[in-house]
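Below: one structure, written as structure tokens.
Treat the numbers as computed from the prediction; the structure is a model and nothing was measured. Lettering follows sequence order; numbering is per chain, from 1. The analysis underlying the following values was restricted to heavy atoms, covering all of them including side chains, and did not include hydrogens, waters or symmetry mates.
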Amino acid sequence: MDLRGVGLRYGAGAPVLHDIDLGLEAGGFYFLSGPTGAGKTSLLRLLSLSLPPSSGSLRVFGHDTGSLDRAALASLRQRIGVVFQDFRLLEHLSSFDNVALPLRINGADETETASFVADMLGWLGLADKLETLPTDLSMGQRQMLCIARAVVGKPRLLLADEPTSNIDSRNAERLMNLFIQLHKLGTTVVLATHSEALMQRYPFPVLAMQAGRLRPSRPRPTPTAPDNSVDAGPGPRDTEGD
Amino acid sequence: MAGAELDLPLAETPTSRVLLWLTAGLVYLAVLAFGVAAVADGQLQDFERQPRIVTIALPPNPEPAAARAEVVEVLELLRRRPGVAYASLIDDDEIDSLVQPWLGSDAAAVDLPAGPSGLGMPLPRLIDIAYNPGVAVDLAALDRDLVAIVPGTTIGDSGLLQRSQERLALLFRSFAVVIGALLVGGVVGVNVWITRLDFRLHGQAVDLLRLMGAKDRYIAQQFEHHALGRTLRGAFLGFAFGLSTIVLVLFLPPLFGGTPLVEPALAPVHWVLLAIVPVATALLAALAARLAAHFGLARSP
């Protein structure tokens, strides 16, 4: 993923992102930090191909997005998973159907989808909630569901906007393990967070934003968590969890 | 998109119910309009199946030789015209029998100048023209040609009356078809309007599908399937009520000994065409919804 001189403005409003130069290594793990209004969510929207940049160039998986047609952009989006801060679950669909959505959109076989989604929800502790509507789930469970939906298609790029903000520390730990597991499997992860503790705990580069600009990367702090916690992370098919 | 459940919550919004009932109402009216068109078409076909007899009246001519020449010329003209099965002069005896009920058997005693009739009256000379079934008769042209040969020639009222009935049926058929088509167009318009409304209402869900990599076709199909399902239900509801109304109007009065409001001259093809109305309406509406969704998607990034 490569951004060169990227700027973004909404309509005729003032620019919210200025002259972003950023290269994300395939399979890397990045924290995206910054105060509220710094432009983290806007940058994630650009990276998720939700919006085209107002200026500059954006290359995703080796493709210049400015030269792609709508169908090609949709194909690229199929390889990107997004965890939204506000979940964006479809409330008329069951937990199962919400998670199965990306697979069905990608035209996956229904039998495989059923098995894979059930495993994923089982691992996230939602095995007994397959037919439950999101409105009947707790905030933490909804967050889990949103994450399950983002990772179920084994995306090449995972963008997560404050994914641990609505869950307890135990589930946050499990979640980070999942993200790290995906990262080890080759998925590029960009995780937007306010949590200094989270960033200090894991030894990944931090993309710091302020007033719509990327600040120079700060030196990596010494991780406070043992590195073997990464290896302990269960994969999507590990139904036991921790 | 698995089973009947759509990814987008289109069925959960009030617009879905509005679509159902508006479609039902419009299709009900459309079925009635097409029903009127079918009845009118049946009447027209009935007219076309009957051989048409047109009677023309040549004014009296006191000169027997000239009168005979006129008749011969007119008959020749008529027999040359396309679609004329036969044309024949009604003989004097028959004319006498036609007028006797009004004038009485002693009409010969009436003090009038001698005419072609044995009654001694200046009666017109009548010619019957029989047209083959299905022939379009241009009475205005016929009238022009006849008057050119024998000024004062008139075409019998029965021919004109049938012609006016045909015109009326044709007018009804055309008008009803236009009204029916407009009503079907109304259903299509309602679908476009509701699709655009749904597009705004469910913008975030549409955006979510796009972010997951759904192509325009996939998202547009969601709107199409929703429109098809709702419109089909509404259309069959309207069709059922419309058909019931038509059947009541056509067949109920005779069952109770009354006269039918209109002659039920519907052929099987008319019933089939009426049955196509809800299906065709729903298909058109679904196509319109799909195109409206594509149009909306094309404006998104």
Side-chain angles (χ1 to χ4, degrees), chain A residues 8 10 44-54 65-66 69-84 86-94 96-111 113-114 117 133-135 146 149-150 152-153 155-156 159, chain B residues 1-20 194-195 197-230 233 289-301:
Chain A
L8 178 68
Y10 295 107
L44 289 180
R45 293 188 76 182
L46 276 183
L47 295 177
S48 64
L49 306 181
S50 172
L51 292 172
S54 307
T65 56
D69 63 17
R70 297 178 62 80
L73 281 173
S75 296
L76 287 187
R77 289 190 194 107
Q78 289 179 0
R79 293 141 78 180
I80 301 173
V82 184
V83 179
F84 300 96
D86 56 354
F87 313 144
R88 296 206 200 170
L89 295 166
L90 295 171
E91 295 183 348
H92 70 297
L93 296 182
S94 67
F96 179 92
D97 286 331
N98 264 288
V99 176
L101 203 47
L103 299 176
R104 287 173 176 157
I105 285 173
N106 291 359
D109 174 71
E110 194 60 30
T111 314
T113 298
V117 171
L133 294 176
T135 44
C146 179
R149 186 182 61 189
V152 74
R156 281 182 64 186
L159 305 168
Chain B
M1 196 166 25
E5 188 105 68
L6 294 170
D7 299 341
L8 294 174
L10 300 173
E12 319 295 318
T13 40
T15 52
S16 187
R17 285 189 292 280
V18 170
L19 181 60
L20 177 78
I194 284 183
T195 299
L197 204 59
D198 278 340
F199 208 85
R200 283 201 292 273
L201 280 174
H202 303 293
Q204 201 174 50
V206 170
D207 202 39
L208 179 70
L209 294 192
R210 282 182 56 242
L211 278 180
M212 289 179 188
K215 294 189 165 70
D216 288 356
R217 189 181 56 195
Y218 182 95
I219 298 171
Q221 274 176 351
Q222 298 266 319
F223 288 93
E224 181 186 17
H225 289 171
H226 173 67
L228 183 63
R230 282 280 146 176
R233 276 190 223 173
R290 182 179 187 152
L291 292 176
H294 269 294
F295 186 74
L297 286 164
R299 289 189 297 181
S300 62

Quiz prompt | Over 12 non-hydrogen atoms of neighbours within 6.0 angstrom of OH in A/Y10 | solution = yes
Quiz item: Is there a donor-acceptor pair closer than 3.5 Å between any side-chain N or O of A/H92 and the backbone N or O of B/A11?
Solution: no
Practice problem: Give, as side chain, backbone, both or neither, the part of A/I80 having an atom under 4.5 angstrom from any heavy atom of chain B. | Solution: backbone
Quiz item: When rounded to the nearest 0.5 angstrom, what is the spacing between CZ in A/F84 and CG in B/D207?
Solution: 7.5 Å
Quiz item: For the residue pair B/A214 and A/A74, what are the closest heavy atoms and their distance?
Solution: O-CB, 4.0 Å
Quiz item: With only heavy atoms counted, which part of B/L209 is less than 4.5 Å from chain A, the side chain, the backbone, both or neither?
Solution: both
Quiz prompt | Contacting moiety of A/R70, where chain B heavy atoms sit under 4.5 Å | solution = side chain
Quiz item: Taking side chain as C-beta onward, heavy atoms only, is B/Q204 less than 4.5 Å from A/R88?
Solution: yes
Quiz item: Closest heavy-atom contact between A/S48 and B/L211?
Solution: O-CD2, 3.4 Å
Quiz item: Side chain, backbone, both or neither: which part of A/D69 has a non-hydrogen atom closer than 4.5 Å to chain B?
Solution: neither
Quiz item: Are side-chain heavy atoms of B/K215 and A/I105 found at a separation under 4.5 Å?
Solution: no
Quiz prompt | Side chain to side chain, B/R210 and A/R77, heavy atoms closer than 4.5 Å | solution = yes
Quiz prompt | Under 4.5 Å from any heavy atom of chain A - which part of B/A298 | solution = backbone
Quiz item: Minimum heavy-atom separation for A/L90 to B/D7, with atom names?
Solution: CD1-O, 3.2 Å
Quiz item: In terms of heavy-atom proximity below 4.5 Å to chain B, should A/R79 be classed as side chain, backbone, both, or neither?
Solution: neither
